[in-house]
Amino acid sequence: GLALPSGSFRIHFENDDGTIVFPDYAVPIFERAPQYCENYIGFDGRDITIVRPEISVDCYDLTHNGSFENGVEGWQSLNGDINWEGSSKSLRAVRPSQYIKSQCVVSNRTYKFDMSFSVLHTNTKNYQGSMFLRLYSFNIATGYFEERTVLVARAEEKEDDEGKYVFSGEWTPTEEDAMTDKMELIVLDHSLDEVRI
């Protein structure tokens, strides 16, 4: 690391063609200067301005590949084993999740989460599932992420269509939510069975 002298600094990131960008999920971490350094900026980062350009990504959909049109691209699984069968449109995974476009989230705006699916087992009456967000906020003082979760939807069986389910819910983030450093959308399947999206 480098102890910067006292003063005001502006920092920005550039891509290969020189355009100012801000990397996804990047969090600035400022450490204390060595014990015998004098006349340096504080480790709280108040003397540093990090330039964040206007959002250039598509914010219409907070997820990437939400309909699995590109297989499991962008998705991950709790145990690392995630498979998508394109012909049957079936997903086998333990707690599939992905990091959504947190830079697009605006406070006091309502976001809708929907997913329709079938449960591929015989005991569908015992199926329970939920969809929630895990919000990560970096604490400069401790150097660790603080986590909290927000429930956005529970699985409901479609009327007159046994074995067919839907997640449907809404979330209106607070100002604190919108300032979160990264957000993870998690589909929690309590029965851990195969589902068809």
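We use all heavy atoms of the structure for the numbers below, so side chains are in, but hydrogens, waters and symmetry mates are not. None of the values given here were measured: they were computed from a predicted structure.
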*Going from CZ on Arg95 to OG on Ser77, what distance comes out if it is rounded to the nearest 0.5 angstrom?*
9.5 Å
*Between Phe138 and Lys182, is any pair of side-chain heavy atoms under 4.5 Å apart?*
no
_Using the rule side-chain contact (heavy atoms from CB on, under 4.5 Å), only one of Glu176, Glu175, Met179 pairs with Ser107; which is it?_
Glu175
_All ring pair (Phe, Tyr, Trp, His ring centres under 6.0 Å) counterparts of Trp171, not counting sequence neighbours_ = none
_Please enumerate all residues that pass side-chain contact (heavy atoms from CB on, under 4.5 Å) together with Thr110, with sequence neighbours excluded._
Glu170, Thr172
*Taking side chain as C-beta onward, heavy atoms only, is Trp75 less than 4.5 Å from Ile82?*
yes
*Taking all non-hydrogen atoms of both residues into account, name the closest pair between Asn65 and Glu69 and its distance.*
OD1-N, 2.9 Å
*Start with the C-alpha distance between Asn139 and Glu146, add both sets of side-chain angles, then the distance that settles side chain to side chain donor-acceptor pair (under 3.5 Å), and finish with yes or no.*
CA-CA 7 Å; Asn139 187 319; Glu146 297 175 350; 2.7 Å; yes
*Taking only residues two or more places apart in sequence or in another chain, which ones pass side-chain hydrogen bond (donor to acceptor under 3.5 Å, both in side chains) with Thr63?*
Asp61
*Flag, side chain of Thr174 to backbone of Asp177, donor-acceptor distance under 3.5 Å*: yes
*So, do Phe113 and Leu185 sit near enough that their side-chain heavy atoms are less than 4.5 Å apart?*
yes
*asked:* Taking salt bridge (charged side-chain N to carboxylate O under 4.0 Å, His left out) as the definition, give me every residue that meets it alongside Arg109, ordered by chain and number, with sequence neighbours left out.
replied: none
*Not counting sequence neighbours, which residues clear side-chain contact (heavy atoms from CB on, under 4.5 Å) with Asn108? List them please.*
none
*Would Leu135 end up clustered with Tyr144 when hydrophobic side chains under 4.5 Å apart are linked, directly or stepwise?*
no
_Partners meeting side-chain contact (heavy atoms from CB on, under 4.5 Å) with Glu147 (sequence neighbours left out)_ = Arg134, Tyr136
*Which heavy atom in Met183 sits nearest to a heavy atom in Ser102, and how many Å separate them?*
CG-CB, 3.8 Å
*Where is the tightest heavy-atom contact between Val105 and Pro173, given as atom of each residue plus distance?*
CG1-CG, 3.6 Å
*Taking every non-hydrogen atom, the tightest pair across Gly169 and Ala153*: N-CB, 3.8 Å
*asked:* Is there a path of hydrophobic side-chain contacts, each under 4.5 Å between heavy atoms of I/L/V/M/F/W/Y residues, joining Val166 to Ile186?
replied: no
*At what distance, to the nearest 0.5 angstrom, does CG of Leu62 lie from NZ of Lys112?*
14.5 Å
*asked:* As an exercise, state the distance from CZ of Phe9 to OG1 of Thr49, rounded to the nearest 0.5 Å.
replied: 11.0 Å
*So, do Asn83 and Val72 sit near enough that their side-chain heavy atoms are less than 4.5 Å apart?*
no
*Taking everything shown except Glu14 itself, do over 12 heavy atoms lie less than 6.0 Å from its CD?*
yes
*Go through the structure and list residues passing side-chain hydrogen bond (donor to acceptor under 3.5 Å, both in side chains) with Thr149, not counting sequence neighbours.*
none
*With sequence neighbours left out, what residues match Ser137 under side-chain hydrogen bond (donor to acceptor under 3.5 Å, both in side chains)?*
none
*Can you list the steps and then say if Val187 with Phe167 is a side chain to side chain contact (heavy atoms under 4.5 Å, CB included)?*
CA-CA 9 Å; Val187 180; Phe167 284 121; 3.6 Å; yes
*Could you tell me whether a side-chain N or O of Gln98 sits under 3.5 Å from a main-chain N or O of His64, the two making a donor and an acceptor?*
yes
*Who passes side-chain contact (heavy atoms from CB on, under 4.5 Å) against Asp16, sequence neighbours left out?*
none
_Apart from Ile20 itself, residues in the same hydrophobic cluster as defined by side-chain heavy atoms under 4.5 Å_ = Val51
*Kindly write out the residues that satisfy side-chain hydrogen bond (donor to acceptor under 3.5 Å, both in side chains) with Asn70, not counting sequence neighbours, or none if the list is empty.*
none
_Rounded distance (nearest 0.5 Å) linking atom CZ of Arg154 with atom CZ of Phe132_ = 11.0 Å
*Starting from the C-alpha separation in whole Å, work towards a yes-or-no answer on side chain to side chain contact (heavy atoms under 4.5 Å, CB included) for Leu151 and Ser130.*
CA-CA 7 Å; Leu151 177 68; Ser130 56; 3.8 Å; yes
_Please enumerate all residues that pass ring pair (Phe, Tyr, Trp, His ring centres under 6.0 Å) together with Tyr111, with sequence neighbours excluded._
none
